[in-house]
Amino acid sequence: MNRQQIAGTLAEVATLLELRGDNPFRVRAYANAARIVESLQEDLATLAAENRLTEIKGIGTDLAAKIAEMLTTDRLRFHDELKASFPPGLLDLLRIPGFGPKKTKAVYDQLQVDSLEKLEAACQAGRVAKLAGFGEKSQQKILEGIALLRQFSGRHHYHTAVAAAEPVLEALRSHDGVIRCSVAGSLRRCRETIGDVDFLVSAKPVDAPGIIADFVGMAGVRAVSAQGETKASVVLAGGIQADLRVVSDEQFAFALNYFTGSKEHNIAMRSRALKLKNLSLNEYGFSPAAEKEKSAKELGSSIPCRTEEEIYAALDLEYVPPELREDMGELAGTLPQLIVKENLRGVFHVHSTWSDGVESIEAMANAARDLGLEYIGISDHSKGQRQANGLDETRLRQQAVEVKKLNAKFANQDFRIFFGTEVDILPDGTLDFDDATLAQCDFVIAAVHSSFTLPVDAQTERICRALANPKVTMLAHPTGRLLLEREGYAVNMPEVIAAAAEHRKIIEINAHPYRLDMDWRLWKRAKELGVKCSINSDAHSIEDYQYLAIGAAIARKGWLEKNDVINCLPLKEIEKVLKRG
Ligand code: DGT
Ligand code: CA
Ligand code: CA
């Protein structure tokens with residue numbers, strides 16, 4: 001077990017002991033030990049090996065033995081036994097916001113409630129309100145808490161979390177006591193899904209309680225899970241959990257860096273600080289490695305840093321943009337000049353009413369032009385997509401005529417509609433249109449929309465065969481995943497990437513927030529092999545164009561630069577590229 005897991009187990013022991021009605025001093029000893037281990041700077045395994053665990057303040061012989069047991073056996077028998085002594089469903093009650101061990105014990109002892117379902121039923125029957133210390137109001141709160149729990153037990157799509165975070169950030173920013181504020185965590189790193197939203201604020205100590213009070217009382221807050229003097233956790237509308245931490249302005253950069261993560265990036269930063277400068281680094285600042293972790297918290301950072309730039313500079317590093325902080329080599333050498341969404345000059349993979357879009361081609365074109373783009377690539381579905389009103393050969397020819405007419409209208413406006421298709425890749429790797437039909441297109445996007453359950457080798461071969469087709473320009477959403485809904489189909493992506501490189505095909509980042517496919521983790525390798533990216537909106541409506549910003553964020557996570565992304569090319573150049581084939 002690592003430090004974090006050991007701390008978590010100790011905290012759970014404290015909760016379970018309290019639930020059992022154990023001696024409060026014993027409960028507190030475990031809770032304290034969890035906190036101590038959590039913030040410990042020294043390496044637990046080293047301390048244990050040198051028999052020095054008891055030197056940690058608050059860790060006696062009994063706790064030291066338990067920590068040693070977790071270090072060597074990866075479990076704690078005492079914890080296992082405690083857990084086994086309760087009905088498994090009982091522990092779920094602890095996840096209800098505001099429902100701690102005391103309340104859990106009360107409903108268990110007095111009403112034999114040992115699961116969320118039973119608690120819900122007891123509340124609905126009015127039995128919980130009658131218990132001492134509960135009442136009608138708290139019964140209602142429990143029901144709301146259970147409903148929320150069901151909703152927020154999962155993760156959330158990036159765009160949902162952004163939408164939930166924006167008003168909160170705005171409210172925090174407008175608060176008088178707030179000096180600086182930011183989102184942190186996975187949201188700042190632009191991960192494709194978000195567990196909880198992390199907010200960080202700097203303020204004077206006197207202002208912290210007021211900021212916390214305003215945060216938990218905000219209009220969008222549905223429930224308060226925890227509230228302290230400098231931090232709080234709430235559930236926002238839509239069931240998204242959010243944490244707020246308030247720190248001093250001197251600590252802000254360090255806290256921002258720490259709580260932005262990722263955990264793996266933090267670990268790499270810490271070990272670099274130690275190796276290079278003999279300094280320990282945490283959310284409070286730098287301190288001489290020989291001293292206990294407390295020193296930065298209490299004495300201030302031994303190298304003061306106002307900004308994250310200064311922290312990286314102190315470690316002889318260039319600034320690492322949050323999207324790259326995933327421990328994928330970002331501390332090892334020169335960083336790319338990452339693409340920004342303003343670099344995008346046009347957009348491919350646009351649908352219209354000809355298949356399953358909701359706007360005409362002309363409306364989609366005008367909207368793109370209003371956004372400052374110079375071209376769109378219309379690519380409606382092919383005939384295999386009957387439920388999406390896919391086009392057959394005849395309708396495709398008619399659509400080509402319409403696009404030609406529209407382009408005549410746009411001729412003097414430095415704007416162009418490229419004519420394409422999102423053609424199905426059939427199970428054997430051939431395409432839904434023959435070469436002669438595809439020849440009238442300016443570009444061709446090949447996509448898998450069926451036979452998701454092929455064995456991995458067959459699926460890979462199918463896609464690679466499509467990529468070998470000279471008529472194909474780019475590959476759509478390579479794994480077909482729908483984030484938080486459905487896994488992608490089994491496919492050997494390194495082989496697909498190699499095939500794209502060999503046949504000089506583009507791979508898309510499908511910017512739809514449910515897809516974000518091809519995954520950011522694969523782009524570094526693809527780029528090394530020379531594969532180009534197209535950030536595609538997959539727009540079925542005008543609003544969907546906004547997904548381009550998410551696509552650009554994912555491209556940044558994939559280390560991509562402007563030159564790696566073909567729709568950063570201006571109209572005149574993309575015309576040449578498409579003509580060359
Ligand atoms: P999420 O919420 O699951 O989408 O992912 P994050 O990255 O936002 O994770 P979260 O909210 O648990 O914590 C926020 C950041 O705090 C995380 O990215 C890094 C930092 N952090 C949390 N726990 C640890 C830890 O045990 N060690 C280190 N080094 N950093 C941590
Ligand atoms: Ca988070
Ligand atoms: Ca968090």
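All values below come from the heavy atoms of this structure, side chains included, with hydrogens, waters and symmetry mates left out. Bear in mind that the values here come from a model prediction, so they are computed numbers and not experimental data. First listed ligand is number 1; within each ligand, the first listed atom is number 1.
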Thinking salt bridges, do Glu528 and Arg525 make one under a 4.0 Å N-O criterion?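 So Glu528 pairs with Arg525 through a salt bridge.
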Side chains of Tyr319 and Glu308, heavy atoms from C-beta outward: is any pair under 4.5 Å? yes
pair Ser302-Leu279: side-chain heavy atoms closer than 4.5 Å: yes
All pairs passing ring pair (Phe, Tyr, Trp, His ring centres under 6.0 Å) where residues 212-237 contributes a residue, at least two apart: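 Those involving residues 212-237 do not exist here.
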I'd like the contact residues of ligand 1, where contact means a heavy atom below 4.0 Å.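 For ligand 1, the residues that come within the 4.0 Å heavy-atom cutoff are Gln4, Arg155, Gly185, Ser186, Arg189, Ile194, Gly195, Asp196, Asp198, Tyr258, Phe259, Thr260, Gly261, Ser262, Lys263, Asn266, Arg270.
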For the Ca ion (ligand 3), check which protein N, O or S atoms are under 3.0 Å away and list them. Asp196 OD1, Asp196 OD2, Asp198 OD1, Asp243 OD2
From the list Asp214, Asp207, Val201, side chain to side chain contact (heavy atoms under 4.5 Å, CB included) partner of His175 resolves to Asp214
Could you pull out all residues at least two apart from Phe252 that satisfy ring-ring contact (aromatic ring centres under 6.0 Å, His included)?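 Phe252: no ring-ring contact (aromatic ring centres under 6.0 Å, His included) contacts found.
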Between Asn510 and Tyr547, do the side chains contain an N or O donor and an N or O acceptor separated by less than 3.5 Å? no
Between Arg20 and Phe86, does a side-chain contact (heavy atoms from CB on, under 4.5 Å) hold up when you go through it step by step? CA-CA 9 Å; Arg20 194 169 76 174; Phe86 295 104; 4.0 Å; yes
Could you go through the ring pair (Phe, Tyr, Trp, His ring centres under 6.0 Å) check for Phe286 and Phe254 one step at a time? CA-CA 9 Å; Phe286 289 111; Phe254 293 103; 5.6 Å; yes
